Novice: 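Shown below is the structure under consideration.
Both ligands and their constituent atoms are indexed starting at 1 by order of listing. All values reported here derive from a predicted model rather than from experimental measurement. Values below: every heavy atom of this structure, side chains too, minus hydrogens, waters and symmetry copies.
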Amino acid sequence: MRDRSDAEIIAGIATAATGLAVSGVELPMVGGQRMFGLAPRDHEISETFTVTLTLGWRSVEAKVVPGKFAGDLVGLMGEVGDDGRTLFRSVMSALRAGGADVTLNVNGSVFDDAEAAWSIPWRTMELRLRRGQIDVSEGDGQADVGALAQMAANSVALILVLLPVENVRIDDGVAGFPEGAVEQVTVNRYERDRRNRAAAIAIHGTICVCCDIPMGDVYGVAAAGMIQIHHLTPVSKIGPGYVVNPETDLAPLCPNCHCVAHRRDPPYGLEEIRRMLRSRHAGPELDQDIAARTAV
Ligand SMILES: [Zn+2]
Ligand SMILES: [Zn+2]
């Protein structure tokens with residue numbers, strides 16, 4: 001089997017993190033800088049969007065531009081509902097807090113505050129993300145690809161949360177969209193979860209918040225970036241009007257910690273699981289404590 005190209009690795013990581021199937025190609029260099037292009041798979045590029053990635057000197061950049069014939073799509077992004085707006089705002093502010101520049105351009109003007117952009121009808125939009133002063137372009141190809149892939153996943157997540165559901169094809173065994181109305185509801189619900197997942201990963205990353213162990217460190221590349229998203233507010237308590245805040249309602253957990261969390265109903269809290277992990281290494285006293293607590 002031939003080795004995967006850097007473009008394929010970047011697209012693969014962005015697909016896994018966001019649930020939106022994207023493919024990638026390496027573009028000709030510009031000014032000595034490596035460039036990559038990403039777009040949703042199985043769609044006409046002119047009708048969806050493209051992400052252009054640039055590997056600069058100690059920086060990575062992404063530019064997201066809707067396709068030439070994606071005017072309707074842009075209009076719909078401007079009319080996105082409360083849930084999409086909340087996700088977009090949360091991801092945008094988390095990325096900014098993490099040191100990224102995020103620039104939203106609507107109808108030719110830059111909007112620092114996305115909320116203001118939603119008060120006008122959208123005709124054109126462009127999204128730019130940039131992270132500077134990071135350890136890339138210093139001869140470590142793996143670090144470069146990792147930083148580009150993270151930038152790709154973050155930009156796709158930001159656009160995904162704004163997309164109307166009909167335009168999203170999910171890369172998880174769901175091929176296309178069913179015809180029946182009932183099935184449509186199910187799929188849409190699932191897609192909403194996918195968007196929450198993409199937003200949560202953009203905000204919290206792919207390392208388990210309980211055990212801090214990256215799955216790739218344990219199993220190698222087969223499990224790199226593998227993570228599950230846990231609802232801190234139980235899904236059963238979420239009514240139809242509940243708007244999920246990915247920053248406070250969702251947490252990335254590895255399959256082990258996630259499984260442990262659901263060994264109880266209501267689930268164990270994150271701090272409880274951390275305590276279990278700590279006590280496992282802390283001798284008999286805490287083991288007894290755990291035994292006492294699990295006995296009741
Ligand atoms: Zn874990
Ligand atoms: Zn869960």
Side-chain angles (χ1 to χ4, degrees), residues 12-20 82-84 86-87 90-91 94 98 146 149-150 153-154 157 160-161 165 168 170-174 185-283 286-287 289-291 293-294 296:
I13 292 174
T15 298
T18 61
L20 181 69
D82 268 353
D83 49 350
T86 303
L87 292 175
S90 308
V91 174
Q150 196 185 17
N154 291 344
L160 179 69
V161 299
V165 284
V168 180
I170 302 302
D171 180 51
D172 205 351
V174 182
V185 170
T186 322
V187 170
N188 287 353
R189 225 197 124 128
Y190 177 69
E191 280 165 11
R192 202 164 51 222
D193 287 350
R194 276 281 151 182
R195 292 182 203 196
N196 289 340
R197 179 186 152 84
I201 287 175
I203 292 169
H204 301 290
T206 55
I207 296 175
C208 177
V209 293
C210 284
C211 68
D212 276 329
I213 302 170
M215 293 292 286
D217 285 8
V218 184
Y219 298 94
V221 75
M226 185 179 164
I227 198 72
Q228 299 180 347
I229 297 300
H230 175 61
H231 285 254
L232 296 169
T233 313
V235 181
S236 57
K237 294 228 166 68
I238 295 178
Y242 187 89
V243 174
V244 171
N245 179 336
E247 199 158 5
T248 51
D249 289 338
L250 305 173
L253 292 181
C254 73
N256 281 346
C257 292
H258 197 197
C259 197
V260 169
H262 287 280
R263 294 282 285 176
R264 192 184 73 186
D265 187 17
Y268 287 104
L270 302 181
E271 201 42 58
E272 284 179 293
I273 300 168
R274 289 184 191 120
R275 218 179 298 137
M276 292 177 202
L277 286 162
R278 273 199 303 271
S279 55
R280 169 120 157 63
H281 305 287
L286 279 159
D287 280 344
D289 175 51
I290 290 246
R293 278 191 296 117
T294 46
V296 289

Novice: When you compare the side chain of Tyr268 with that of His262, does any pair of heavy atoms fall below 4.5 Å?
Specialist: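 No; the side chains remain at least 4.5 Å from each other.
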
Novice: Donor-acceptor pair, His204 side chain versus Ile229 backbone, under 3.5 Å?
Specialist: no

Novice: With heavy-atom distances below 4.5 Å as the criterion, would you say the side chains of Leu87 and Arg195 are in contact?
Specialist: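 Leu87 reaches Arg195 side chain to side chain.
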
Novice: Need one value: angle at the Zn ion (ligand 1), Cys211 atom SG versus Cys208 atom SG, rounded to 10 degrees.
Specialist: 110°

Novice: Roughly, to 10 degrees, what angle do Cys254 atom SG and Cys257 atom SG form around the Zn ion (ligand 1)?
Specialist: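 About 100°, to the nearest ten degrees.
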
Novice: Does Arg274 pair with Glu271 as a salt bridge, N-O distance under 4.0 Å?
Specialist: yes

Novice: Of all the N, O or S atoms in His230, which has the shortest distance to the Zn ion (ligand 2)?
Specialist: ND1

